Amino acid sequence: MPKYLAKVSYTPEGLAGLRKAGAVARVKMGEAAVASVGGTQECMYFAFGDDDVIAILDLPDDEAAAALSLVIGASGSATGTTTKLLTAEQVDEAFRRTVDYRPPGT
């Protein structure tokens, strides 16, 4: 199953909700949300800096990742990014492929 890196930043309203419900409850909600689209949450960590939450998700496809991202963004409680992760074998396969490309100006 493809892996995705989710990085989330809470809005002030989202932080208030996190404080009220508790971090453990949000981890459980994340697990349930990911399971609802057919995936599993490998891990979820809280952080400080630009991102409040960092999670690694195993999801069946890009559409599942998009569904999660759209619902979370539409909630108004958080913003974030989702990055598809590649294995070393996938990168090696990418290097083996021939690409017909010419840089600009050449």
Side-chain angles (χ1 to χ4, degrees):
M1 198 174 294
K3 289 193 181 286
Y4 298 82
L5 169 68
K7 298 193 299 185
V8 177
S9 297
Y10 287 114
T11 63
E13 295 81 13
L15 282 172
L18 173 66
R19 184 175 188 173
K20 181 178 180 182
V24 171
R26 291 316 303 168
V27 171
K28 290 179 182 177
M29 173 49 62
E31 290 170 348
V34 171
S36 75
V37 296
T40 57
Q41 183 171 278
E42 181 178 306
C43 63
M44 179 175 166
Y45 292 97
F46 292 88
F48 46 85
D50 291 336
D51 303 306
D52 296 315
V53 173
I54 297 173
I56 303 291
L57 311 174
D58 293 301
L59 298 170
D61 50 39
D62 292 343
E63 292 80 6
L68 285 169
S69 181
L70 291 167
V71 166
I72 292 167
S75 76
S77 63
T79 61
T81 60
T82 304
T83 303
K84 189 169 187 176
L85 302 175
L86 302 173
T87 65
E89 292 79 12
Q90 287 174 300
V91 173
D92 286 345
E93 174 58 30
F95 280 129
R96 285 191 285 274
R97 296 190 182 193
T98 302
V99 178
D100 185 14
Y101 173 74
R102 184 174 46 85
T106 61

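Because the structure is predicted, anything quoted here is derived from the model rather than measured.
The nearest pair of heavy atoms linking T82 to A65 is CG2-CB, 4.3 Å. A pairwise comparison of heavy atoms in P2 and K84 identifies CB-CE, 4.1 Å as the closest pair. When all heavy atoms of T11 and G76 are compared, the closest pair comes out as OG1-O, 3.1 Å. Closest heavy-atom contact between A67 and V37: CB-CG1, 4.5 Å.
In this structure, NZ on K3 lies 9.5 Å from CG on L57, to the nearest 0.5 angstrom. Here OG1 of T40 is found 7.5 Å from CG of L59. Values are rounded to the nearest 0.5 Å. Here K7 contributes atom NZ and T81 contributes atom OG1; the two are 5.0 Å apart, rounded to the nearest 0.5 Å.
The environment of CZ in F46 is crowded: more than 12 heavy-atom neighbours from other residues, nucleotides or ligands sit within 6.0 Å. Atom CG of D92 sits in a crowded spot, with more than 12 heavy atoms from other residues, nucleotides or ligands closer than 6.0 Å. Counting non-hydrogen atoms of other residues, nucleotides and ligands closer than 6.0 Å to CZ of R102 gives a total of 12 or fewer. Environment of OH in Y101: crowded, with over 12 heavy atoms of neighbouring residues, nucleotides or ligands closer than 6.0 Å.
Side-chain atoms of D52 come within 3.5 Å of backbone atoms of Y10 as a donor-acceptor pair (strictly under, hydrogens ignored). Remark: the backbone N or O of A66 is not paired with any side-chain donor or acceptor of S69 at under 3.5 angstrom.
Residues V53 and F48 fall into different hydrophobic clusters, defined by Ile, Leu, Val, Met, Phe, Trp and Tyr side chains chained together at heavy-atom separations under 4.5 Å. Side-chain heavy atoms closer than 4.5 Å link hydrophobic residues (I, L, V, M, F, W, Y) into clusters, and following such links, even through other members, never connects V34 to M29. V71 and V8 fall into different hydrophobic clusters, where Ile, Leu, Val, Met, Phe, Trp and Tyr residues are linked whenever their side-chain heavy atoms come under 4.5 Å apart, directly or through other members. In terms of hydrophobic clustering, with Ile, Leu, Val, Met, Phe, Trp and Tyr side chains grouped at heavy-atom distances under 4.5 Å, V27 and L18 are assigned to a common cluster.
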Side chain to side chain contact (heavy atoms under 4.5 Å, CB included) between L68 and Y4, intermediate numbers included: CA-CA 11 Å; L68 285 169; Y4 298 82; over 6 Å; no
From CA spacing to verdict: side chain to side chain contact (heavy atoms under 4.5 Å, CB included), L5, I56: CA-CA 5 Å; L5 169 68; I56 303 291; 3.8 Å; yes
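We find that K28 and E31 are not joined by a salt bridge, their nearest charged nitrogen and carboxylate oxygen being 4.0 Å or further apart.
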